[in-house]
Amino acid sequence: MKQAILVQCHKNPKQINLLLDALNDPSLDIYIHIDKKSNIGSEIKTGERIHILPDEYRVDVGWAEFSQVEATLNLMRYAAVRGEYGHYLLCSGQDYPLVKASELSDFLNESADFNFVQIWASKNGGGNANNYDKRTDIYYPYSVLGNTLPKRIAKRALVELTGGYNRTWSIFRRKQLENVDFYFGSQWVCISGEMEKWVEEYIKNHPEFIEFYKHTNCPDESFFQTLLMNSPYKNKRQDYLHYIDWSFGGNSPKNLEASDIDRMMKSGKLMARKFEDEGVIEILEKRVNDR
């Protein structure tokens, strides 16, 4: 069965084209969402299996905002009406595969029933209530969501006012969604075709779910986790497919270097991110092809 690769990007068209070359396989269709702020569309290569979303599907994507989720949903919807897919694998334009395209396709075909979604420890994720739960505990107005300095200061003030990152005073706790437990993890998910159909049906019948997440902090790191773990497919989950190095801390992962390639290749993961240096990608490409 064919697989859909979903790419969210906004810069570095040469690097994106290296990714497209690496994923060139008859069993993989690629769908690309270019941030509405970006004008790199003319520099991205085209092909029979490469589909760039038209302007009406493009979103002005903001860090930690619902627009991240909206872009992913648009990719899934655009792909779903153009083919029947075994999985929908979400990547960024700064990713690169750690296996050949045919091996990626074979793996997904052999794992037809599974969803590859990371779940972090939290109140419902096998841990204690913590700063992840804070993301859904309180109402975040649009004025505090985003990555500008004033918004970050305003959000920090709101969090402290309502009890801090690891608790929420009951007077400030927002009305929760009925019969929904919240989960958190990396936005880089891979869901099955059956799960994608279930997601579309669920959010069509529960518009309040979308509205809730529009006022959630970092909704892209909870939206699909929560849907999966409240779905009939919750027992068909394995860990996500990406190698990402968060050892430096902060809000962004490490930019991977040539010295990281051995660890990537031994990780058992199928994709890696994030890359800023095309030279590193070229070295990795040779390692993958020489396996």
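Note that the coordinates shown come from a computational prediction; the quantities given were computed from them, not determined experimentally. The residues of the chain are indexed from 1 along the displayed sequence.
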Return the set of residues passing side chain to side chain donor-acceptor pair (under 3.5 Å) with Glu84 (not counting sequence neighbours), or none when no residue passes.
Lys197
Under 6.0 Å from the ring centre and within 45 degrees of the ring axis: does the NZ or CZ of Arg273 meet both conditions for the six-membered ring of Phe275?
no
I'd like to know if Asp21 and Lys45 make a salt bridge, using a cut-off of under 4.0 Å between side-chain N and carboxylate O.
yes
If we only count heavy atoms from C-beta on, is the Leu19 to Gln15 side-chain gap below 4.5 Å?
no
Find out whether the Lys NZ or Arg CZ of Lys236 is both under 6.0 angstrom from the six-membered ring centre of Phe114 and within 45° of the ring's axis.
yes
Got a salt bridge between Lys36 and Asp60, using NZ or NE/NH1/NH2 to carboxylate O under 4.0 Å?
no
Taking the side chain from Asn109 and the backbone from Met1, do they hold a donor-acceptor pair closer than 3.5 Å?
yes
Can a salt bridge be assigned to the pair Arg135 and Glu221 using a cut-off of 4.0 Å between side-chain N and carboxylate O?
yes
Test side chain to side chain donor-acceptor pair (under 3.5 Å) applied to Asp95 and His242, step by step
CA-CA 9 Å; Asp95 292 12; His242 275 72; 2.7 Å; yes
Can you list the residues that meet the side chain to side chain donor-acceptor pair (under 3.5 Å) rule with Thr216, with sequence neighbours excluded?
Arg174
Identify the heavy atoms of Gly163 and Trp169 that sit nearest to each other, and give their distance.
CA-NE1, 3.2 Å
Salt-bridge test for Arg77 and Glu70: reply yes if a basic N is under 4.0 Å from a carboxylate O, no otherwise.
no
Taking NZ, NE, NH1 and NH2 as the nitrogens, is one of them in Arg167 or Asp137 under 4.0 Å from a carboxylate oxygen of the other?
no
So, using ring-ring contact (aromatic ring centres under 6.0 Å, His included) as the criterion, who are the partners of Tyr132 when residues are at least two apart?
Trp120
ring-ring contact (aromatic ring centres under 6.0 Å, His included) involving Tyr139 - partner list, sequence neighbours excluded
His215
Rounded distance [0.5 Å steps], OG in Ser252 versus CH2 in Trp63
8.0 Å
Nearest heavy-atom pair of Leu23 and Ile5: which atoms, and what distance?
CD1-CG2, 3.8 Å
Would Asp55 and Arg58 satisfy salt bridge (charged side-chain N to carboxylate O under 4.0 Å, His left out), going step by step from the backbone distance to the final call?
CA-CA 5 Å; Asp55 284 348; Arg58 293 174 65 194; 3.0 Å; yes
Under 3.5 Å, is there a donor on one side chain and an acceptor on the other for Asp29 and Tyr85?
yes
Look at the side chain of Asn230 and the backbone N and O of Asp181, then say whether any donor-acceptor pair between them is shorter than 3.5 Å.
yes
Go through the structure and list residues passing ring-ring contact (aromatic ring centres under 6.0 Å, His included) with Phe182, not counting sequence neighbours.
Phe212
Start with the C-alpha gap between Gln8 and His33, add the side-chain angles, then the distance that decides, and say whether side chain to side chain donor-acceptor pair (under 3.5 Å) holds.
CA-CA 5 Å; Gln8 290 184 208; His33 176 277; 5.5 Å; no
List for me each residue that meets salt bridge (Lys or Arg N to Asp or Glu O under 4.0 Å) alongside Asp220, sequence neighbours excluded, and say none if there are none.
none
